[in-house]
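As structure tokens, the structure follows; a few thoughts come after it.
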Amino acid sequence: MSTRQPRRIRIGLPQRVFSQVLLMQLAIAAGVAVLATGLFLRPLSDQLDDQAMHRALAIAQTTASPQLAEELLATKPSAKGPVQKEAQRIKDATGAEYIVVVDRHSIRWSHPTLSEIGHQVSTSAKAPLAGDDVMEIDKGTLARSARGKTPLRTADGTIVGAVSVGIAYDSVRTQLISAIPGLLAYAGGALAIGALAAYLISRRLQRQTHDLAFSDISALLAEREAMLHGIREGVVALDMHGRIRLMNDEAQRLLGLGPEATGLPLDEALGEGRTADVLAGRVTGDDLLTVRGQRVLITNRMPTDDGGAVATLRDRTELEQLGRELDSTRGLIDALRAQDHEHANRLHTLLGLLELEMHEEAADFVTEVVGVHRATAEQVTEKIHDPLLAALLVGKATVAAERGVSLRIATGSLLPDRLVDPRGLVTIVGNLVDNALDAASGSLSAQVEIALHTEGRTAVLRVSDSGPGIPSEEREVIFTEGWTTKKLPAHGKRGLGLAMVRRFAERQGGSARAGESAEGGAVFTVVLPEALTEPGLAPAGEKL
């Protein structure tokens with residue numbers, strides 16, 4: 001038979017934040033109430049003792065009259081003597097516990113217990129016999145009492161004895177005890193109000209913490225830190241006022257910011273521009289494109305319950321470059337496919353000429369075909385000495401020819417092989433030429449003209465086309481990330497080329513602007529200061 005294990009009862013603090021905070025607040029409220037009550041009772045007790053001692057002394061001083069002193073001198077201690085009668089009368093009138101009159105030898109002349117008259121007192125009367133008043137809480141033959149002692153003087157001031165008056169300490173304690181219920185009632189009321197306030201605060205805390213335990217909150221914080229610093233996406237958290245509340249490492253890298261940007265408004269940290277507008281929510285939508293420095297970013301923003309927001313950033317720079325390369329490759333493939341058909345036609349023509357034994361015509365035909373391509377390459381390399389840019393333009397010329405567009409280098413163009421950043425200029429020229437080919441395709445006498453010349457170390461690029469042109473009111477907005485009038489390509493995004501061109505030019509202190517060409521199409525002019533090295537220096541990446 002299986003034996004059932006007895007269930008252990010675990011006693012400890014509750015795990016929920018709500019319960020723990022409520023218990024702590026109740027404990028604090030109760031402790032404060034008890035402490036306040038104790039602090040109030042202690043001075044109250046001392047005050048009642050002081051009042052009782054002053055009252056006893058006042059009765060003693062009233063009793064110690066010169067007449068009583070004369071009676072003490074004129075008679076002997078007796079239960080029926082005038083001193084006892086006067087002391088008894090005052091005792092009955094004032095409610096004192098006792099009134100004891102003694103002579104200079106500390107012999108009692110009055111006492112509540114008549115048998116004690118004529119006997120010496122149990123406590124010292126040295127102080128009042130010396131002329132001093134005494135107040136004290138003491139225990140004598142009549143139990144604990146508040147006492148007042150004063151000298152008994154004759155009319156001429158001679159001390160002939162002393163008067164001791166006692167007030168029962170039970171009466172003082174009774175006053176103190178009678179004050180406790182009212183005090184406890186006030187303390188209980190304050191405790192009830194504190195408990196209600198603690199409950200309301202704890203309920204609010206429960207809603208804000210979603211009724212989690214402290215261990216859960218600690219685990220969530222650790223998981224959040226690990227997630228924020230471990231993921232490959234940038235995360236930016238904003239408060240309700242648009243200030244940066246949190247950035248992970250990837251967001252700092254993508255935005256080019258440091259930890260000191262935390263707490264700053266977005267516009268102050270990022271500056272004016274589309275990136276700040278997207279993160280601040282002034283531009284809405286999903287998967288919004290923005291360019292930050294040399295990076296192409298995809299941004300999504302989600303509001304939070306506290307009025308802030310969390311934005312995620314993904315780096316699309318390499319993907320965008322691959323997408324543009326894919327577009328260019330597809331265009332080149334289409335051109336090569338068309339050339340393949342054209343090459344087949346030329347081979348058939350050449351074969352026919354040879355079969356007809358028209359050898360001279362066949363030689364002329366080959367010379368003409370080869371000469372066209374050689375002339376195009378020679379025209380480019382004569383004016384463009386940088387190999388990367390020359391190769392790009394030769395390839396673009398082939399694509400343009402297959403699309404029915406005339407691509408030519410303007411007269412007077414000359415670019416020496418002294419570029420500081422050849423790849424950057426290749427990106428600019430490639431973007432502008434692709435846009436120009438798209439705009440010119442299908443138009444009458446379609447053509448694209450590229451002009452490249454230098455002024456000292458400054459390079460000036462001008463690309464014009466015979467397309468429909470750009471309206472004057474749109475010549476600035478076209479440089480905004482995401483703006484496009486074209487059909488989406490294979491990689492699903494457009495509207496980045498011109499934005500990257502302007503960012504690249506401005507980063508080098510230059511400019512990029514759009515205008516109208518002589519043929520009525522568009523013309524783009526890019527000025528790049530410091531684009532060339534000094535004469536005699538090697539271009540970037542090379543050694544002399």
Side-chain angles (χ1 to χ4, degrees), residues 41-180:
L41 285 176
R42 179 57 185 269
L44 177 62
S45 176
D46 294 341
Q47 182 180 3
L48 291 176
D49 288 347
D50 188 65
Q51 289 177 355
M53 289 187 294
H54 275 87
R55 179 167 170 249
L57 181 61
I59 296 173
Q61 291 172 342
T62 302
T63 303
S65 63
Q67 181 181 357
L68 184 65
E70 295 297 336
E71 291 176 350
L72 184 142
L73 292 174
T75 62
K76 293 182 178 182
S78 172
K80 295 182 180 181
V83 176
Q84 170 64 20
K85 290 181 179 180
E86 180 67 12
Q88 186 64 39
R89 183 186 67 80
I90 296 175
K91 173 180 174 296
D92 294 340
T94 59
E97 183 182 14
Y98 64 86
I99 297 178
V100 176
V101 180
V102 299
D103 59 16
R104 292 191 62 84
H105 302 289
S106 299
I107 301 300
R108 298 187 184 99
W109 286 69
S110 68
H111 197 276
T113 305
L114 299 179
S115 60
E116 295 291 335
I117 297 175
H119 297 283
Q120 196 171 20
V121 295
S122 58
T123 57
S124 174
K126 183 177 180 180
L129 291 175
D132 297 327
D133 292 332
V134 177
M135 292 188 300
E136 60 184 0
I137 302 292
D138 200 3
K139 184 175 182 181
T141 58
L142 296 177
R144 189 175 180 83
S145 60
R147 298 181 180 183
K149 298 179 182 181
T150 189
L152 178 62
R153 290 183 173 92
T154 59
D156 60 1
T158 302
I159 298 176
V160 297
V163 177
S164 177
V165 176
I167 295 177
Y169 196 77
D170 289 342
S171 63
V172 178
R173 186 168 53 189
T174 300
Q175 295 181 41
L176 180 62
I177 293 174
S178 63
I180 291 177

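Since the structure is predicted, the reported quantities are computational estimates derived from the model, not experimental observations.
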Check Ala64 against Pro151 and note the closest heavy-atom contact, atom names and distance. CB-O, 3.6 Å
Check salt bridge (Lys or Arg N to Asp or Glu O under 4.0 Å) between Arg89 and all other residues, then give those that pass, not counting sequence neighbours. Glu86
Taking all atoms of both residues into account, what is the closest heavy-atom pair of Ser106 and Ala125, and its distance? OG-CB, 4.1 Å
Are Ser164 and Tyr98 side-chain neighbours, meaning at least one heavy-atom pair lies under 4.5 Å? yes
Count the heavy atoms of every other residue, nucleotide or ligand shown that sit under 6.0 Å from NE2 of His54, and state whether that count exceeds 12. no
Within this structure, what is the CG-OG1 distance for the pair Leu68 and Thr62, rounded to the nearest 0.5 Å? 12.0 Å
Looking at Ser78 and Lys80, would you say the former's side chain and the latter's main chain have a donor-acceptor pair under 3.5 Å? yes
How about Val121 and His111: do any of their side-chain heavy atoms sit closer than 4.5 Å? no
Using the test side-chain hydrogen bond (donor to acceptor under 3.5 Å, both in side chains), find all partners of Thr154 that sit at least two apart in sequence or belong to another chain. Asp156
Run the salt bridge (Lys or Arg N to Asp or Glu O under 4.0 Å) test against Glu136 and tell me which residues pass, sequence neighbours left out. Lys149
Test side-chain contact (heavy atoms from CB on, under 4.5 Å) applied to Ile107 and His119, Gln120, Lys76, the passing residue: Gln120
Ser65 to Leu152 - nearest heavy-atom pair and separation: O-CD1, 3.7 Å
Here the pair of heavy atoms bringing Val134 nearest to Leu57 is O-CD1, 4.1 Å
What pairs with Thr94 under side chain to side chain contact (heavy atoms under 4.5 Å, CB included), at least two apart in sequence or on another chain? Ile59, Ile90, Ala96
So which heavy atom on Trp109 is nearest to which on Val83, and how close? CB-CG1, 3.7 Å
Sidechain-backbone polar pair: Arg153 side chain, Ile159 backbone, donor-acceptor under 3.5 Å: no
Considering residues at least two apart in sequence or located in another chain, which fulfil the side-chain hydrogen bond (donor to acceptor under 3.5 Å, both in side chains) criterion with Glu71? none
Residues that Asp133 engages under side-chain hydrogen bond (donor to acceptor under 3.5 Å, both in side chains), provided they are two or more places apart: Gln61, Thr150
Nearest 0.5 Å, what's the CG-CZ distance between Leu114 and Arg108? 12.0 Å
Nearest heavy-atom neighbours spanning Asp103 and Leu129: O-CD2, 4.0 Å
